[in-house]
Structures are given as structure tokens and as C-alpha cells.
Protein chains: 2
Amino acid sequence: MYYFIMYSTIQKFKALGDENRFRILMMLLQKPLCVCELLEVLDIKGGTLSAHLKLLKTAGLINQKKEGRWIVYSISSEKVKSFLTGIESELENKTIIQNDKTIIKDISRDICSSSN
Amino acid sequence: MYYFIMYSTIQKFKALGDENRFRILMMLLQKPLCVCELLEVLDIKGGTLSAHLKLLKTAGLINQKKEGRWIVYSISSEKVKSFLTGIESELENKTIIQNDKTIIKDISRDICSSSN
DNA sequence: ACTATATTTAGCTATATAACTAAATGGAGC
DNA sequence: GCTCCATTTAGTTATATAGCTAAATATAGT
């Protein structure tokens with residue numbers, strides 16, 4: 001008799017335990033975003049961001065969808081969404097999260113150039 | 001103007017994103033336990049366990065209390081407790097967690113020898 | 001004093017993680 | 001076919017993490 005491990009649960013926590021991925025999730029909580037929009041906010045390169053997004057997707061936290069020339073990411077489910085909303089509501093003021101969101105609010109995916 | 005980072009939140013997720021620490025938390029959810037009891041269940045050495053416990057404590061997830069010759073650990077607050085209970089209720093059956101708990105149920109801290 | 005329980009430290013190993021550059025690949029639209 | 005947006009791959013670097021051993025330290029009970 002052996003026992004399975006709760007990998008998927010732990011994998012989700014691991015995914016949440018990184019600053020850039022946490023910021024991505026909080027931004028996606030506001031609205032679905034394409035990769036180039038996320039790149040405008042985060043101080044990382046395109047390849048690095050792709051890796052983070054893949055990890056979040058594998059963990060079951062986000063979804064991917066083609067929209068014309070763009071790939072748009074969003075929170076995977078209502079369940080994850082309400083979980084993250086609860087977390088967000090407990091953050092103290094003046095975290096980088098609030099700053100990210102004000103940037104995201106005024107961003108258009110047409111601004112995006114190849115600053116990869 | 002700069003923005004604080006939500007370190008403590010991310011630190012909690014990091015703490016949760018490790019199998020041994022996750023198992024420790026789930027066991028403490030059942031009842032407070034001393035170090036030697038945890039050592040009976042986990043396949044790690046005393047020094048390693050101490051490090052995990054310190055990390056969980058720093059993250060604000062558990063508390064420490066002297067009880068005679070033992071140091072007893074417990075979940076830090078009702079808030080953390082209900083959070084973990086929610087997580088636990090969503091685990092599929094037959095994870096190692098259920099196994100840990102049946103061992104913990106019948107353990108006494110007097111059994112503990114210096115298997116450090 | 002001595003014992004039991006646990007933590008801490010130093011030193012070590014192995015693996016995982018996060019980032020980069022740069023080039024190649026894929027898919028959609030024009 | 002070419003361009004745009006994004007992913008993937010290969011190769012590299014640096015740091016973090018998890019584990020070990022073994023010795024030292026701390027604290028409480030007997």
C-alpha cells in the first residue's frame with residue numbers, strides 16, 4: 001500500500017511563491033492580458049515571462065487563448081479567481097500590486113513593440 | 001515614491017510549497033505536536049526538521065511553546081487554521097497526508113528516543 | 001551534575017530556480 | 001512571403017533550497 005502525494009496542490013503554492021508570478025496573477029485578476037502587456041509592467045525578458053506563464057498554466061492557475069495576433073492569458077476558473085481575490089484583499093496598501101494595476105488600466109496591446 | 005513588496009504573503013506561499021512543510025502543517029492541523037513526534041513520521045533528520053520549523057514560524061504559520069522537556073508546535077492562528085482546513089478538504093483521497101494522520105493519532109511523545 | 005529534547009552552526013553536496021542572451025520555431029494576419 | 005507576437009531551445013550564470021554529518025549550544029527536568 002502506498003500513498004499518492006498532493007503534488008498539484010503543492011505545485012500551486014510553489015507557483016504562487018514567486019514575486020513575478022504573484023504580480024502576474026494579480027494583474028490577470030483585473031483583466032485578461034496579452035504577453036506584451038505584461039512585459040510592459042514586469043522587468044523581465046520575453047523568454048523568462050513565457051517560462052513563468054507556462055509554469056502558471058501547468059499549475060492550473062491560468063488559461064491561454066489566441067486572439068488574432070495576440071495570446072491572451074486569464075485566470076483559469078472562478079474558484080481560483082475568488083481565492084486570489086481573498087488574498088488580494090488582505091494585502092497592505094502601497095504594495096507593488098496597486099502600482100501594477102494602475103499601469104495595466106491604461107495599457108493597450110497596440111502599444112506593444114518588439115522589445116523582446 | 002516607491003512601493004513595498006508583499007513579501008510576507010509570498011513567503012507564506014513559499015513555505016506551503018514544500019512537501020515536508022505541507023505535511024507538517026497538515027499534522028499540526030490535527031493537534032499540536034512536539035519535534036520528536038514529527039520526526040517519527042517524516043523521513044528527515046532533526047536539524048533539517050528544525051530548519052523547516054523555523055521557516056514556518058518566520059512565515060507566521062506556526063507557533064512554538066515550551067512544555068516541560070518538549071517544544072510543542074501548533075498552527076499560529078484560527079485564520080491560518082481555517083485556511084488550511086479548506087485546503088485539506090480538497091485533497092484527493094489516499095495522499096500521504098491521510099497516512100501521516102493515522103500515525104500521529106497513536107503517537108506519544110514519551111516513545112521518542114534520541115534518534116537525532 | 002547529568003540527561004533529554006531541541007536548536008544552531010559549520011561545512012558539504014546536489015538539485016532547483018530564476019535570470020540572461022541569442023537563435024530558431026510556430027502561428028496568424030496582411 | 002513577410003511581419004508580428006510569442007514560445008521554445010541551448011547555453012550560461014548566479015543564487016536558493018533541501019538534504020546530510022557532526023559538533024556545539026541551550027534549556028528544562030531529575
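These figures come from a predicted structure and were not determined experimentally.
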> At under 4.0 Å, does any side-chain N or O of Y73(A) touch on OP1 or OP2 of dT7(D)?
Replying inline: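 So the side-chain polar atoms of Y73(A) do come within 4.0 Å of the phosphate oxygens OP1 or OP2 of dT7(D), strictly under.
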> Quick one: is dT7(C) close enough that its OP1 or OP2 comes under 4.0 Å of any side-chain N or O from Q64(B)?
Replying inline: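 So the side-chain polar atoms of Q64(B) do come within 4.0 Å of the phosphate oxygens OP1 or OP2 of dT7(C), strictly under.
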> Mind checking whether L56(A) and Y73(A) have side chains closer than 4.5 Å, heavy atoms only?
Replying inline: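 With C-beta onward as the side chain, the pair stays apart.
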Nearest whole Å is fine: how far is [N] [atom2] from [X] [atom1]?
| X | N | atom1 | atom2 | result |
| --- | --- | --- | --- | --- |
| L38(B) | dA6(C) | CG | P | 9 Å |
| L16(A) | dT17(C) | CG | C1' | 16 Å |
| I24(B) | dA6(C) | CD1 | P | 13 Å |
| R69(A) | dG27(C) | CZ | C1' | 13 Å |
| K45(B) | dG19(D) | NZ | P | 12 Å |
| E67(B) | dG29(D) | CD | C1' | 14 Å |
| I71(A) | dG29(C) | CD1 | C1' | 14 Å |
| L49(B) | dT8(C) | CG | P | 12 Å |

> Which angle, to the nearest 10 degrees, lies between the helix axes at the two ends of the helix from dA1(C)-dT30(D) to dC30(C)-dG1(D), each defined by five pairs?
Replying inline: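 End-to-end axis angle: 30°.
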> So how far is it from I24(A) CD1 to E19(A) CD, rounded to the nearest 0.5 Å?
Replying inline: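 Here the interatomic distance stands at 11.0 Å.
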Could you pull out the closest heavy-atom pair between [X] and [Y], with the gap in Å?
| X | Y | value |
| --- | --- | --- |
| P32(B) | V72(B) | CB-CG1, 3.6 Å |
| A15(B) | L61(B) | CB-CD1, 3.8 Å |
| Q98(B) | T95(B) | OE1-N, 2.8 Å |

> Can we say E37(A) and K31(A) salt-bridge, meaning some charged N sits less than 4.0 Å from an Asp/Glu carboxylate O?
Replying inline: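 Judged by the 4.0 Å cut-off on N to carboxylate O distance, E37(A) and K31(A) do not form a salt bridge.
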> Does a side-chain N-to-carboxylate-O contact under 4.0 Å join K101(B) and E88(B)?
Replying inline: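 So K101(B) pairs with E88(B) through a salt bridge.
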> Out of dT7(C), dT5(C), dA6(D), which nucleotide sits closest to the side chain of S50(A)?
Replying inline: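 Of all the options, the side chain of S50(A) is nearest to dA6(D).
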>> Below 30° counts as parallel, above 60° as perpendicular, anything between as tilted: where do the rings of F13(A) and F13(B) land?
In response: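 Judged by the thresholds at 30° and 60°, the geometry between F13(A) and F13(B) is parallel.
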>> If you assign each of V72(B) and K66(A) to its closest nucleotide in DNA chain C, which residue comes earlier from the 5' end?
In response: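 Here V72(B) is the residue nearer the 5' end.
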> Can you name the side chain to side chain contact (heavy atoms under 4.5 Å, CB included) partners of L84(B), sequence neighbours left out?
Replying inline: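 Testing L84(B) for side chain to side chain contact (heavy atoms under 4.5 Å, CB included), a comparison that skips the adjacent residues, returns L16(B), L25(B), M26(B), L29(B), I75(B), V80(B).
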>> Which residues pass the side chain to side chain contact (heavy atoms under 4.5 Å, CB included) test with N20(A), not counting sequence neighbours?
In response: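 Partners of N20(A) under the side chain to side chain contact (heavy atoms under 4.5 Å, CB included) test: D18(A), R23(A), L42(A), I44(A), H52(A).
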Enumerate all atom pairs, one protein N or O and one N or O from nucleotides 9-12 of chain D, separated by less than 3.5 Å.
none

> Are E90(B) and K79(A) close enough, and set up right, to give a salt bridge (Lys or Arg N to Asp or Glu O under 4.0 Å), and what steps lead you there?
Replying inline: CA-CA 12 Å; E90(B) 296 183 11; K79(A) 193 169 156 184; 3.2 Å; yes
What does the list of N/O pairs under 3.5 Å between the protein and nucleotides 14-18 of chain D look like, with a distance for each?
| residue | atom | partner | partner atom | Å |
| --- | --- | --- | --- | --- |
| dA18(D) | OP1 | D18(B) | OD1 | 3.1 |
| dA18(D) | OP1 | R21(B) | NH1 | 3.4 |
| dA18(D) | OP1 | R21(B) | NH2 | 3.0 |
| dA18(D) | OP2 | R21(B) | NH1 | 3.0 |

> Which pairs count as salt bridge (charged side-chain N to carboxylate O under 4.0 Å, His left out) when at least one residue sits in residues 51-66 of chain B, sequence neighbours excluded?
Replying inline: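 Listed once each, the pairs are K65(B)-E67(B).
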